[in-house]
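In this chain, residues are counted from 1 in sequence order.
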Amino acid sequence: MSPTISHKDSSRQRRPGTFSHALDMKSGPLPPGGWDDSHPDSVGGEGDREALLRDLDTGDFPKVPRSCRAELSSILLLLFLYVLQGIPLGLAGSIPLILQSKNVSYTDQAFFSFVFWPFSLKLLWAPLVDAVYFKNFGRRKSWLVPTQYILGFFMMYLSTQVDHLLGNNDGRTPDVVALTVTFFLFEFLAATQDIAVDGWALTMLSRENVGYASTCNSVGQTAGYFLGNVLFLALESADFCNKYLRFQPQPRGIVTLSDFLFFWGTIFLITTTLVALLKKENKEVSVVKEETQGITDTYKLLFAIIKMPAVLTFCLLILTAKIGFSAADAVTGLKLVEEGVPKEHLALLAVPMVPLQIILPLIISKYTAGPQPLNIFYKAMPYRLLLGLEYALLVWWTSKVEHQGGFPIYYYIIVLLSYALHQLCKKVGGSCITALDGYYVESIICVFIGFGWWFFLGPKFKRLQDEGPSSWKCKRNN
């Protein structure tokens, strides 16, 4: 039920330059420092090192520290690119609420959730984005510009088809399979754009200001998700618009999904053209060697890292850690819509969460930046698991609240407090055939699985912090 989704690219980011291997995949050997190199005498000198990953020889590259004000235009550009990145995420997050209002089954809802997989699997093609490019056009622009053009045209075309897919025109049930395939491709393009922007973020700014890249990511994605989810659902709702924004009631909202897609498709095309023509990539530091010898070498290194015992254990634990939260995170919002809570009101509850999502990382960072960063997750986990039971109780109570003409204010206050606690830790009245709603069973099972993970695997998760540096370095034989 979190109103934002945050994704980070796990590919290795490198500084662009005029590489001779751009399309023929030739490069120099791996520099030491990121892993244990079996050939320390490999070819390559100080000019081969990345500016952001290791110190440069100041004699060869004299630099004057640049202020934030001097790079304000680059910071604003990064911020806007991350806002664009959040739009597809927000739109994809709004579709389940629209489907729920059309009484789509939870089986179809579960199938549609596949559209979010590209952001989890982008590690598989991130090395390709990093290794193949046109050096004359720019390492990151070679992927960013065509990807955003495709996204723009894709959104404009989708604006002509989405009403048919949702069954708005002819009263049919939504075509969930076609919607899933369409939005999966949509999110795949957005994930590819994310890889390119994350890589460019580390090289667009100077070493002194590169820390602003993560701020642009966090704020930009949150703003983009807000526009594509909360703002869209509010403006698409006839009830919301008639109550708060109009003098004369109308049968539809101010915008439709088709209008919204066409508008942002146009914005994508215009801004991409401006970036392609006006923004040049940073070539102050000439890097003539690459870390890996093309695509094959990059993927070999990737799988070698994944097979390391410490890394593999960490990945498996991370993949299973959130099973206990799955019912609360994925189903609770849909159940509230099913019980009659307007989807636009549910979306608007994310508004007061935005400041909380900005402030909380600043508060928690002092605990996660030290030598024991996993402790805060381990300690907060049981409280978040118990909130899953609180969410189930909230859904049960919703059906008992009198809501002719709308839910009372105190109900939304309680839901908002539940959201806030979740962030901090991260039909009785009608005819009912089943004796017990499966949601409550799933909630209890997930909580039990979560506590089992916490008791038996949690200590192993914490012990990973005690592993020495050698456990996280990949030995490489050239």
Exercise. Does the pair Leu91 and Phe260 meet the rule for a side-chain contact (heavy atoms from CB on, under 4.5 Å), with working shown?
Worked result: CA-CA 9 Å; Leu91 286 172; Phe260 199 82; 3.6 Å; yes
For this session: Answer with yes or no whether the side chains of Lys279 and Ser74 bring together a donor and an acceptor at under 3.5 Å.
Result: yes
Exercise. Do you know the tightest heavy-atom contact between Trp454 and Pro382?
Worked result: NE1-CD, 3.6 Å
Exercise. Between Phe377 and Phe325, what is the ring plane arrangement, given parallel below 30°, perpendicular above 60°, and tilted in between?
Worked result: perpendicular
Problem set entry | Side chains of Gln221 and Asp194 in contact at under 4.5 Å (non-hydrogen atoms) | yes
Exercise. Taking C-beta and beyond as the side chain, do Leu261 and Thr160 meet within less than 4.5 Å on heavy atoms?
Worked result: no
Problem set entry | Close side-chain approach of Leu385 to Phe448, heavy-atom, < 4.5 Å | no
Exercise. Looking only at heavy atoms, what is the nearest atom pair of Leu189 and Thr147, with distance?
Worked result: O-CG2, 3.3 Å
Exercise. So, do Leu205 and Leu78 sit near enough that their side-chain heavy atoms are less than 4.5 Å apart?
Worked result: yes
Exercise. Do the ring planes of Phe154 and Phe186 sit parallel (below 30°), tilted (30 to 60°) or perpendicular (above 60°)?
Worked result: parallel
Exercise. Side chain of Ser94, backbone of Leu233: donor and acceptor closer than 3.5 Å?
Worked result: no
For this session: Quick one: pull up CG in Leu257 and CD1 in Ile98 and give me the separation to the nearest 0.5 Å.
Result: 5.5 Å
Exercise. Are Tyr244 and Phe240 an aromatic pair by the rule of ring centers under 6.0 Å?
Worked result: yes
For this session: Could you tell me whether a side-chain N or O of Ser326 sits under 3.5 Å from a main-chain N or O of Lys322, the two making a donor and an acceptor?
Result: no
Problem set entry | Side-chain donor/acceptor of Thr266 to backbone N/O of Phe262, under 3.5 Å | yes
Exercise. Without hydrogens or angle criteria, can the side chains of Tyr212 and Asn217 be said to hold a donor-acceptor pair below 3.5 Å?
Worked result: no
Seminar exercise, completed: In short, Ala328 meets Gly388 closest at the heavy-atom pair CB-CA, 3.9 Å
For this session: Establish, from distance only, whether the side-chain atoms of Thr256 and Asp259 form a donor-acceptor pair under 3.5 Å.
Result: yes
Exercise. Under a 4.0 Å N-O cut-off, is there an ion pair linking Lys102 with Asp108?
Worked result: no
Problem set entry | Worked verdict on Phe119 versus Glu187 for side-chain contact (heavy atoms from CB on, under 4.5 Å) | CA-CA 7 Å; Phe119 272 92; Glu187 298 305 296; 3.7 Å; yes
Exercise. Could you give the distance from OG1 (Thr272) to CD (Gln193), rounded to the nearest 0.5 Å?
Worked result: 8.0 Å
For this session: State, yes or no, whether a side-chain contact exists between Glu71 and Ser206 at a heavy-atom distance under 4.5 Å.
Result: yes
Problem set entry | Any Ile267 side-chain heavy atom under 4.5 Å of Leu84 side chain | yes
For this session: Give the C-alpha distance, both sets of side-chain angles, the deciding distance and a yes or no for ring-ring contact (aromatic ring centres under 6.0 Å, His included) between Trp117 and Phe188.
Result: CA-CA 8 Å; Trp117 280 38; Phe188 172 81; over 10 Å; no
Exercise. Nearest 0.5 Å, what's the OG-CD distance between Ser258 and Gln161?
Worked result: 9.5 Å
Exercise. Between Phe268 and Gly152, what is the shortest heavy-atom contact and its length?
Worked result: CB-CA, 3.8 Å
Problem set entry | Arg172 CZ: over 12 foreign heavy atoms closer than 6.0 Å | yes
Problem set entry | Verdict with reasoning, Phe247 to Asn242, per side-chain contact (heavy atoms from CB on, under 4.5 Å) | CA-CA 7 Å; Phe247 296 106; Asn242 290 337; over 6 Å; no
Exercise. From Leu302 CG over to Leu123 CG, what is the distance, rounded to the nearest 0.5 angstrom?
Worked result: 4.5 Å
Seminar exercise, completed: Separation between CD (Gln148) and CD1 (Ile270), nearest 0.5 Å, reads 12.5 Å
Exercise. Taking the inter-plane angle between the rings of Phe112 and Phe116 on a 0 to 90° scale, is it parallel (under 30°), tilted (30 to 60°) or perpendicular (over 60°)?
Worked result: perpendicular
For this session: Say whether Thr203 and Glu281, considering side chains only, have a donor N or O and an acceptor N or O under 3.5 Å apart.
Result: no
Problem set entry | Between CD1 on residue Ile87 and CG on residue Leu151, distance to nearest 0.5 Å | 11.5 Å
For this session: Could you check Leu227 against Trp264 for side-chain contact (heavy atoms from CB on, under 4.5 Å), going step by step and ending with a plain yes or no?
Result: CA-CA 10 Å; Leu227 293 173; Trp264 282 105; 4.0 Å; yes
For this session: Please check if the side chain of Arg139 supplies one atom and the backbone of Tyr133 the other of a donor-acceptor pair under 3.5 Å.
Result: no
Problem set entry | Backbone N/O of Gly224 and side chain of Gln85: donor-acceptor pair under 3.5 Å | no
For this session: Answer with yes or no whether the side chains of Thr273 and Tyr149 bring together a donor and an acceptor at under 3.5 Å.
Result: yes
Problem set entry | No-hydrogen, no-angle side-chain donor-acceptor test under 3.5 Å, Tyr106 and Glu442 | no
Problem set entry | Exercise: identify the closest heavy-atom pair between Ala92 and Pro96 | O-CD, 3.1 Å
Exercise. Are side-chain heavy atoms of Val219 and Tyr82 found at a separation under 4.5 Å?
Worked result: no
For this session: Establish, from distance only, whether the side-chain atoms of Thr192 and Trp143 form a donor-acceptor pair under 3.5 Å.
Result: no
Exercise. Is there side-chain contact between Leu79 and Thr215, with heavy atoms separated by less than 4.5 Å?
Worked result: no
